[in-house]
Amino acid sequence: MATKIYIVYYSMYGHVAKLAEEIKKGSSSVEGVEVKLWQVPETLPEEVLVKMGAPPKSDAPIITPNDLAEADGILFGFPTRFGMMAAQFKAFLDATGGLWRTQALAGKPAGLFFSTGSQGGGQETTPLTAITQLAHHGMIFVPIGYTFGAGMFEMENVKGGSPYGAGTFAGDGSRFPSELELEQAFHQGKYFASIAKKLKSSS
């Protein structure tokens, strides 16, 4: 049976969505893996999003908490708000109490990816504070470490991401993921899928 990878994200301005699409390509490149993109529900009213200049959402389906139990591995992506995950994503995770009670996600591998506004805006604190969510569900955190190789040590150009996962800098919103950031996202998808596949085959 194929290994099911779910990529679950929240993206207000499209930066995290762009990473998610590239991560999907990476995961899909692993033989025997099926990948699906999902969005978490928006919590802000449409009129507020319009005032904030948010573009229309992608066509990825909206996930419900119970959908998570179907996956063999899950990658969670979100923008940062003051160094932590955006409230929209936290609201979704807060609704997973039923899964927590039955420990339906325990033992499943999980990865994280993210977007921040600046270099000191949370490329490490955002995933670091998100790990608590995984721990309470008994999930197995799969960081990318330094498996991306030389790309992790890029010093000439601005690059998001960290050993915790792929990332990008949005700046004032006009900057989108660079080629190197997209390569890192592809790598994370491929690396994570290979780990999830090994775990599934050994169970």
Side-chain angles (χ1 to χ4, degrees), residues 3-13 15-20 23-24 26-27 35-44 57-58 60-117 120-145 147 160-168 170 184-185 188-189 191-193 195-196 199-200 203:
T3 300
K4 280 188 179 181
I5 302 295
Y6 282 1
I7 301 170
V8 183
Y9 70 91
Y10 173 75
S11 188
M12 180 174 282
Y13 295 107
H15 302 84
V16 175
K18 190 71 176 171
L19 291 177
I23 287 172
K24 181 183 179 184
S27 292
V35 192
K36 187 170 183 177
L37 285 175
W38 297 88
Q39 297 182 86
V40 302
E42 178 59 77
T43 59
L44 293 175
K57 301 291 185 188
S58 76
I62 303 298
I63 195 167
T64 66
N66 286 340
D67 290 322
L68 294 175
E70 301 170 358
D72 296 308
I74 308 168
L75 284 148
F76 298 107
F78 32 77
T80 189
R81 298 291 185 267
F82 302 114
M84 300 175 71
M85 70 172 66
Q88 288 88 340
F89 209 94
K90 183 60 166 63
F92 171 73
L93 291 175
D94 284 350
T96 61
L99 297 174
W100 167 76
R101 278 193 296 274
T102 60
Q103 286 293 283
L105 304 182
K108 294 181 186 290
L112 303 169
F113 60 102
F114 33 85
S115 171
T116 70
Q123 292 285 316
E124 293 196 6
T125 62
T126 303
L128 181 61
T129 52
I131 290 173
T132 60
Q133 313 293 309
L134 310 182
H136 282 259
H137 276 291
M139 303 186 82
I140 303 169
F141 177 48
V142 181
I144 60 171
T147 61
S162 67
Y164 296 94
T168 188
Q184 183 175 237
Q188 181 175 16
Y191 178 73
F192 180 84
I195 297 293
L199 287 172
K200 182 179 173 68
S203 63

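Computed from heavy atoms alone, side chains included, the values below leave out hydrogens, waters and symmetry copies.
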Q: Can you see which heavy atom on S11 is nearest to which on A17, and at what distance?
A: OG-N, 3.2 Å

(Q) Are the side chains of I7 and F192 in contact, using a 4.5 Å heavy-atom criterion? (A) no

Q. How far does OG1 of T102 sit from CG of L105, to the nearest 0.5 angstrom?
A. 7.5 Å

Q: Kindly compute the distance separating OH (Y6) from CG (L75), expressed to the nearest 0.5 Å.
A: 13.5 Å

Q: Any chance you could measure W38, atom CH2, to T64, atom OG1, to the nearest 0.5 Å?
A: 7.0 Å

Q. Within a strict 4.5 Å, meaning less than it, do heavy atoms of the Q184 and I144 side chains meet?
A. yes

Q | Side-chain touch F78/T126, heavy atoms, less than 4.5 angstrom | A | yes

Q: May I ask you to test the V16-F113 pair for a side-chain heavy-atom distance under 4.5 Å?
A: yes

Q: Decide side-chain contact (heavy atoms from CB on, under 4.5 Å) for K108 and L68; before the verdict, give the C-alpha distance in whole Å, the side-chain angles of both, and the deciding distance to 0.1 Å.
A: CA-CA 10 Å; K108 294 181 186 290; L68 294 175; over 6 Å; no

Q.
If you define the side chain from C-beta out and look only at heavy atoms, does anything of Q39 sit under 4.5 Å from Y9?
A. yes

Q: Please examine the side chains of Q188 and L19, heavy atoms only from C-beta on, and report whether any two atoms are closer than 4.5 Å.
A: no

Q) In Å and rounded to the nearest 0.5 Å, what is the CD1 to CD1 distance from I195 to I5? A) 10.5 Å

Q: Kindly write out the residues that satisfy side chain to side chain donor-acceptor pair (under 3.5 Å) with T43, not counting sequence neighbours, or none if the list is empty.
A: none

Q | Pairs flagged by side chain to side chain donor-acceptor pair (under 3.5 Å) wherever residues 128-145 is involved - sequence neighbours left out | A | T96-H137

Q: Hey, can you tell me if F141 and Y164 have their rings parallel, tilted or perpendicular (30° and 60° cut-offs)?
A: parallel

Q) Looking only at heavy atoms, which two atoms of P143 and P163 are closest? And how far apart? A) CB-O, 3.3 Å

Q) So, for E124 and S162, which heavy atoms are closest and what is the spacing to 0.1 Å? A) CG-CB, 4.0 Å

**Q.** Minimum-distance pair of heavy atoms, taken over all atoms of K36 and P61
**A.** CE-CG, 4.0 Å

(Q) For T116 and Q123, which I'm curious about, is there any donor-acceptor pair between the side chains at under 3.5 Å? (A) yes

Q: Report yes if some heavy atom in the side chain of L112 is under 4.5 Å from a heavy atom in the side chain of I131; otherwise report no.
A: yes

Q: List the atom of G122, the atom of P127, and the distance in Å for their closest heavy-atom pair.
A: O-CD, 3.7 Å

**Q.** Gap separating the CZ atom of F76 from the CG atom of L134, nearest 0.5 angstrom
**A.** 6.5 Å

Q) Does S115 reach the side chain of K18, with side-chain heavy atoms less than 4.5 Å apart? A) no

Q) What salt bridge (Lys or Arg N to Asp or Glu O under 4.0 Å) pairs are there with at least one residue in residues 62-81, not counting sequence neighbours? A) D72-K200

Q) Which pairs with one or both residues in residues 83-96 pass salt bridge (Lys or Arg N to Asp or Glu O under 4.0 Å), sequence neighbours excluded? A) K90-D94

Q.
Going by salt bridge (Lys or Arg N to Asp or Glu O under 4.0 Å), name the residues that satisfy it together with K57, two or more places apart in sequence or in a different chain.
A. E42

Q) Which pair of heavy atoms, one from Y10 and one from A86, lies closest together, and at what distance? A) CD2-CB, 4.2 Å

Q: Under the salt bridge (Lys or Arg N to Asp or Glu O under 4.0 Å) rule, collect the residues that match up with K24, sequence neighbours excluded.
A: none

